[in-house]
S.K.: 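Dropping a structure here in structure tokens format, bear with me for questions.
Per chain, numbering begins at 1; letters A, B, ... match sequence-line order. Since this is a predicted model, take the numbers as computed values, not measurements.
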Amino acid sequence: MSVRTRVAPSPTGTPHLGTAYIALFNKAYAEQQGGDFILRIEDSDAARSSKQSETDILDALKWLDLSWDEGPDIGGSYGPYRISERLRIYEAHANELIQSGGAFRCFCSQERLDDLRREQQRRSETPKYDGHCLALSASEIQRRMDAGESHVVRLRVPETGDCTFTDQIRGEISIPWQQIDMQVLVKSDGFPTYHLCATVDDHLMGITHILRGEEWISSCPKHVLIYDYFGWQFQELFHLPLLRNTDQSKMSKRKNPTGINYYRDRGYLPEALLNYLATMGWSMPDEREQFSYAQFTENLDLIRISPRGPVFDIEKLDWLNGCYIRDLSNDEFQTRVVSWAGNSERVEKIVSMLQERTERFDQVLPQVEYLLGDRKPIDKEDLAHTSLSEEDVLKILDFATRTLESASTWRSDEIGVALRQTAEICGYKVRDFVAPLFVALSGRKVALPLFDSIEVLGLELTRARFRSAIEILGGISNKKLKKLDKEWTTLTQT
RNA sequence: GUCCCCUUCGUCUAGUGGCCCAGGACACUGGGUUUUCAUCCCAGCAACAGGGGUUCGACUCCCCUAGGGGACGCCA
């Protein structure tokens, strides 16, 4: 049987490094084995998924040269490759599970579930469904369905014993069934959840090896169970370690640039980034650290993946990227710098605000220095403001980041509207509110218009600069963060 | 809190019972080359989490403890 692997990102945000990391290993392994690598879009959460995000993710993977043999854009013989286009398949499978007793309908109200959860937490138990609707008779279920009562479909989970499965990297893993919740497989709106989609699709798409993030280990029993109920052959499992922040926690955008586009926009070479990702949890047999994708594919041995979560070290990535850049011929270097800097979309945006501020061409570069180059170093004093306390400045930087993260369209006018609104609801004058943002973004007191600059720099770079400014002010403690979370929720709800 | 996973220099890692008083790389420090800087070269710093076993012998196998991480959603 030919090897088939997949990566299944959910289009709910900007392209993530973790997706690239997982995609890299999946693709390389499939290629090495003469198999196929599949891209599937996991858009089962209709509310959070967006077409834009999907496009961005596909583009980012293409930038890294992580192309796929089958996917939503190019099709393939196991399609469609978007969850949202396969709803009938899941419906049929959910019904089959209900028939066979592997799943059941649950009519419990949100209130009952909330109460249950609270009670279980109070008793320090793992919160999970108590099986209330398991006791419903067939006629009762039929009556409530006929009455149009809203309900979900849940997975039936054994009450005793352990679920044992093998992770090829870690060995045998046993998890007590007691720990496993009776997972919702079909939501009350009729949409399937991840667990149903992923298992059904992996089987139907003939996936033979699953390489995914370690965070999925604890939901393996659910998947094992679904496969058992259907009588399907389970795939070989490989759980790759989670990329970590410097403090060892799971890599997150709050502490690290996690967006693929951040690395693209700062001028990392895709082959260098890929090479670096390949050294996370894995090493060449001869310990060579600089190697091409082809060499990686040739030497990859999944068993040699280390289960230990590696810290993503930007300093080492910088070194490696430097190696790649110096290896370029002069011609290649020129071509690549120009295509990076001269990204026509970006240049167009810059030109419009630059021209009216220019008397001689030698004034052009100094003005755009912070847009094309790194921001100048700043310190606490630069961020200080006469009518704002340090606390205010921190809050402004944090709330501005949140505002931008929830922006639906990335255009300067809309960014402006959104930021002004945030300033207003927080009770700041717009002029005061934008002052720290100006410094954080440009490293200067005088710069090109703020909202346009933000548009040009993009979310990833902007966020990184705001975050760095926050760090310069001493950072935001967990306690403070919780307070800000709360305040933000209150402010944005009203 | 419960369950699961993990544990070699600050960081990425080599190491599958003797080749290891632990090797490489990044970072850092010192020196050399260079009109400066960078590159490059050389040198240095620095780790087997702790405690018990098993064994002639343990970084490697087993157990316990500690620490770190993850999961516990009608998110994925």
S.K.: NA contact type, A:Glu287, heavy-atom cut-off 4.0 Å: base, sugar-phosphate, or nothing?
M.R.: base
S.K.: B:C4 and B:C64: how far apart are their P atoms, nearest whole angstrom?
M.R.: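 Straight-line distance between the two P atoms is 12 Å.
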S.K.: Across the strands shown, which category fits A:Val152 at heavy-atom distances under 4.0 angstrom: base, sugar-phosphate, nothing?
M.R.: base
S.K.: Can you check the distance between B:C9 and B:C21, where both ends of the measurement are the C1' atom (answer in whole Å)?
M.R.: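 Straight-line distance between the two C1' atoms is 15 Å.
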S.K.: Could you let me know what B:A43 is paired to, Watson-Crick or G-U wobble, both distances under 3.5 Å, or none if it's on its own?
M.R.: B:U29
S.K.: Taking the C1' atom in each of B:C59 and B:G15, what is the distance between them to the nearest angstrom?
M.R.: 8 Å
S.K.: Provide the distance between the two C1' atoms, one in B:G68 and one in B:U8, to the nearest whole Å.
M.R.: 15 Å
S.K.: Going by purine N1 to pyrimidine N3 plus the second Watson-Crick contact, or the G-U wobble pair, all under 3.5 Å, which nucleotide sits opposite B:G18?
M.R.: B:C56
S.K.: Tell me what A:Thr246 touches on the nucleic acid: a base, only sugar-phosphate, or nothing, going by heavy atoms under 4.0 Å.
M.R.: nothing
S.K.: Using the P atom in both, what is the distance from B:U60 to B:U55, to the nearest Å?
M.R.: 16 Å
S.K.: What contact category does A:Ser188 fall into here, base, sugar-phosphate, or nothing, at under 4.0 angstrom with non-hydrogen atoms?
M.R.: base
S.K.: Sort out the partner of B:C74 for me: Watson-Crick or G-U wobble, both distances under 3.5 Å, none otherwise.
M.R.: none
S.K.: Between A:Ile175 and A:Lys187, which is nearer to the 5' end of RNA chain B once each is assigned its nearest nucleotide?
M.R.: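 Between the two, 5'-proximity favours A:Ile175.
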S.K.: Contact class for A:Gln121 vs. all strands (heavy atom < 4.0 Å): base, sugar-phosphate, or nothing?
M.R.: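 Contact class for A:Gln121: none.
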S.K.: Should the heavy atoms of other residues, nucleotides or ligands under 6.0 Å from NZ of A:Lys483 be counted, would the total exceed 12?
M.R.: no
S.K.: Would you measure the distance from the P atom in B:G50 across to the matching atom in B:U11 and give it in whole Å?
M.R.: 15 Å
S.K.: Would you kindly check if the NZ (Lys) or CZ (Arg) of A:Arg6 is within the cone defined by 45 degrees around the ring axis of A:Phe37 and under 6.0 Å from the six-membered ring centre?
M.R.: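 Cation-pi check for A:Arg6 and A:Phe37: fails.
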S.K.: Between B:G44 and B:A25, how far is it from one C1' atom to the other, in whole Å?
M.R.: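 To the nearest whole Å, 16 Å.
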S.K.: Does A:Arg4 qualify as a cation-pi partner of A:Tyr78, given the criterion of NZ or CZ under 6.0 Å from the six-membered ring centre and within 45 degrees of its axis?
M.R.: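 Flagged: A:Arg4 positioned over aromatic ring of A:Tyr78.
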S.K.: For A:Arg154 and for A:Glu214, locate the closest nucleotide of RNA chain B by heavy-atom distance; then report the residue assigned to the nucleotide nearer the 5' terminus.
M.R.: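 With A:Arg154 and A:Glu214 compared, the 5'-side residue is A:Glu214.
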S.K.: Identify whether any heavy atom of A:Arg48 sits under 4.0 Å from a base atom; if not, whether one sits that close to sugar-phosphate; answer base, sugar-phosphate or nothing.
M.R.: base
S.K.: At under 4.0 Å between heavy atoms, what does A:Gln248 touch on the DNA or RNA strands: base, sugar-phosphate, or nothing?
M.R.: sugar-phosphate
S.K.: Fit a plane to each ring of A:Phe25 and A:Phe296, take the angle between them on a 0 to 90° scale, and name the class: parallel (under 30°), tilted (30 to 60°) or perpendicular (over 60°).
M.R.: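 The rings of A:Phe25 and A:Phe296 stand perpendicular, inter-plane angle above 60°.
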S.K.: Can you check whether any acceptor in the base of B:C72 is under 3.5 Å from a donor in the side chain of A:Lys128, or vice versa?
M.R.: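 Check fails, no donor-acceptor contact within cut-off.
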S.K.: Distance criterion of 3.5 Å, no angle test: do you see the side chain of A:Lys316 paired donor-to-acceptor with the base of B:A25?
M.R.: yes
S.K.: Mind checking if A:Gly213 touches a base, just sugar-phosphate, or nothing, with heavy atoms under 4.0 Å?
M.R.: nothing
S.K.: Quick one: does NZ or CZ of A:Arg144 land under 6.0 Å from the six-membered ring centre of A:Phe107, within 45 degrees of the ring axis?
M.R.: yes
S.K.: Scan every strand shown for a Watson-Crick or G-U wobble partner of B:G67, both distances under 3.5 Å, and answer none if you come up empty.
M.R.: B:C6
S.K.: Classify A:Ser44 by what it touches in the nucleic acid, base, sugar-phosphate, or nothing, heavy-atom distance under 4.0 Å.
M.R.: sugar-phosphate
S.K.: Which listed nucleotide (B:U11, B:G70, B:C4) is nearest to the side chain of A:Val311?
M.R.: B:U11
S.K.: In whole angstrom, what separates A:Tyr276's OH from B:C26's P?
M.R.: 13 Å
S.K.: Report the distance from atom CD1 of A:Ile217 to atom P of B:C5, rounded to the nearest whole Å.
M.R.: 8 Å
S.K.: Please state the P separation for the pair B:G10 and B:A71 - nearest whole angstrom.
M.R.: 27 Å
S.K.: Angle class for the A:His223/A:Tyr194 ring planes (parallel below 30°, perpendicular above 60°, tilted otherwise)?
M.R.: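 Tilted, since the angle between the ring planes falls between 30° and 60°.
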S.K.: Aromatic rings A:Phe399 and A:Trp488: how do their planes relate, parallel, tilted or perpendicular, breaks at 30° and 60°?
M.R.: tilted
S.K.: Between B:C12, B:G69, B:U13, which nucleotide has the shortest distance from any of its atoms to the side chain of A:Arg244?
M.R.: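 Selected nucleotide (nearest to the side chain): B:G69.
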